[in-house]
**Student:** 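One structure, as structure tokens, below. Some questions next.
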Amino acid sequence: MISTWSEWKRYPRVGRGENIEAPISPGLYEVRYAGTGALHSFEAVDNVAQALAQLAVGSKSWFSRRATTKLPDLEYRTCATSSRADAKAAAERMIGRRETYMSGAA
């Protein structure tokens, strides 16, 4: 079973003490660039909170702890499911709908 998508939330900035608000369960996540709405990442996972926490959003320098480039302004949303299989099935349906839409728009 799939629940509904959460509202879009700003992706936490490193060093500001902000937290990710996501289910600790199987589900989907979608991350986009806030300014353009362009897709950054989308995946069906076993643990949504953990996957978002491990998502690479910037690069680090070998010589300092500060990021070498400005971090992108990202936002994310989540959708909990009852199992990873449900999450994968929902992701495949969404990808299929997106491809159908894009082929019709071209």
Side-chain angles (χ1 to χ4, degrees):
M1 183 174 143
I2 186 169
S3 65
T4 59
W5 284 97
S6 69
E7 296 295 320
W8 287 101
K9 300 171 188 156
R10 177 181 290 275
Y11 198 86
R13 303 240 181 215
V14 177
R16 291 191 180 178
E18 299 171 343
N19 296 314
I20 291 173
E21 297 175 23
I24 305 173
S25 66
L28 304 162
Y29 71 83
E30 184 174 14
V31 180
R32 69 180 181 183
Y33 294 95
T36 64
L39 184 65
H40 178 278
S41 56
F42 171 80
E43 193 171 358
V45 294
D46 287 322
N47 184 321
V48 179
Q50 183 179 27
L52 283 170
Q54 294 175 349
L55 188 66
V57 295
S59 60
K60 295 279 186 183
S61 167
W62 283 92
F63 304 107
S64 76
R65 293 183 181 201
R66 293 185 183 194
T68 57
T69 59
K70 182 181 180 214
L71 295 176
D73 189 20
L74 300 174
E75 40 188 26
Y76 70 98
R77 66 181 181 164
T78 63
C79 181
T81 60
S82 56
S83 70
R84 171 99 191 256
D86 287 345
K88 286 182 76 172
E92 289 171 5
R93 282 193 308 272
M94 292 178 76
I95 290 168
R97 277 190 252 146
R98 184 173 283 162
E99 288 173 352
T100 300
Y101 173 77
M102 295 306 286
S103 68

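Not measured: the values here are computed from a predicted model.
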**Student:** Going by salt bridge (charged side-chain N to carboxylate O under 4.0 Å, His left out), name the residues that satisfy it together with E30, two or more places apart in sequence or in a different chain.
**Tutor:**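 Result, salt bridge (charged side-chain N to carboxylate O under 4.0 Å, His left out) vs E30: R77, R98.
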**Student:** Can you list the residues that meet the ring pair (Phe, Tyr, Trp, His ring centres under 6.0 Å) rule with F42, with sequence neighbours excluded?
**Tutor:**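 Applying ring pair (Phe, Tyr, Trp, His ring centres under 6.0 Å) to F42 gives none.
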**Student:** Taking atom CD1 of I24 as the centre, does the number of heavy atoms from other residues, nucleotides or ligands within less than 6.0 Å exceed 12?
**Tutor:**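 Not buried by this count: 12 neighbours or fewer within 6.0 Å.
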**Student:** Measure the spacing between CD of E75 and CZ of R10 and express it to the nearest 0.5 Å.
**Tutor:**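 Going from the CD atom of E75 to the CZ atom of R10 covers 8.0 Å.
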**Student:** Specify the closest pair of heavy atoms between P12 and E18, including all atoms of both residues, with the distance to one decimal.
**Tutor:**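 Between these two residues, the closest heavy atoms are CA-OE1, 3.3 Å.
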**Student:** At their closest point, which heavy atom of H40 faces which heavy atom of L74, and how far apart are they?
**Tutor:**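 Result for this residue pair: CD2-CD2, 4.0 Å.
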**Student:** Heavy atoms only: give me the nearest A87-T81 pair and the separation to one decimal.
**Tutor:**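 Heavy-atom minimum between the residues: CB-OG1, 3.5 Å.
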**Student:** Spell out, as yes or no, whether a donor-acceptor pair under 3.5 Å connects the side chain of Y29 to the backbone of S41.
**Tutor:**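 No.
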**Student:** Any idea which heavy atoms bring V45 and R84 closest together, and the distance?
**Tutor:**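 Closest pair (atom of V45, atom of R84, distance): C-CD, 3.6 Å.
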**Student:** Do side-chain atoms of T78 reach the backbone of S6 as a donor and acceptor pair under 3.5 angstrom?
**Tutor:**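 Absent.
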**Student:** Count the heavy atoms belonging to other residues, nucleotides or ligands that lie under 6.0 Å from NZ of K88, then report whether that count exceeds 12.
**Tutor:**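 No, NZ of K88 has 12 or fewer neighbouring heavy atoms, counting only those of other groups under 6.0 Å.
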**Student:** Verify the neighbour count for atom CD of E7: are there more than 12 heavy atoms of other residues, nucleotides or ligands below 6.0 Å?
**Tutor:**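 For E7, atom CD is not crowded (no more than 12 foreign heavy atoms under 6.0 Å).
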**Student:** Backbone N or O of E21 within a donor-acceptor pair of the Y76 side chain at under 3.5 Å?
**Tutor:**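 At least one qualifying donor-acceptor pair exists.
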**Student:** Hydrophobic cluster membership, with links at side-chain heavy-atom distances under 4.5 Å among I/L/V/M/F/W/Y: are W5 and L39 in one?
**Tutor:**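 As far as the 4.5 Å side-chain criterion goes, L39 and W5 are connected within one cluster.
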**Student:** Transitively linked via ILVMFWY side-chain contacts under 4.5 Å: L52 with Y33?
**Tutor:**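 Yes, L52 connects to Y33 through the hydrophobic network.
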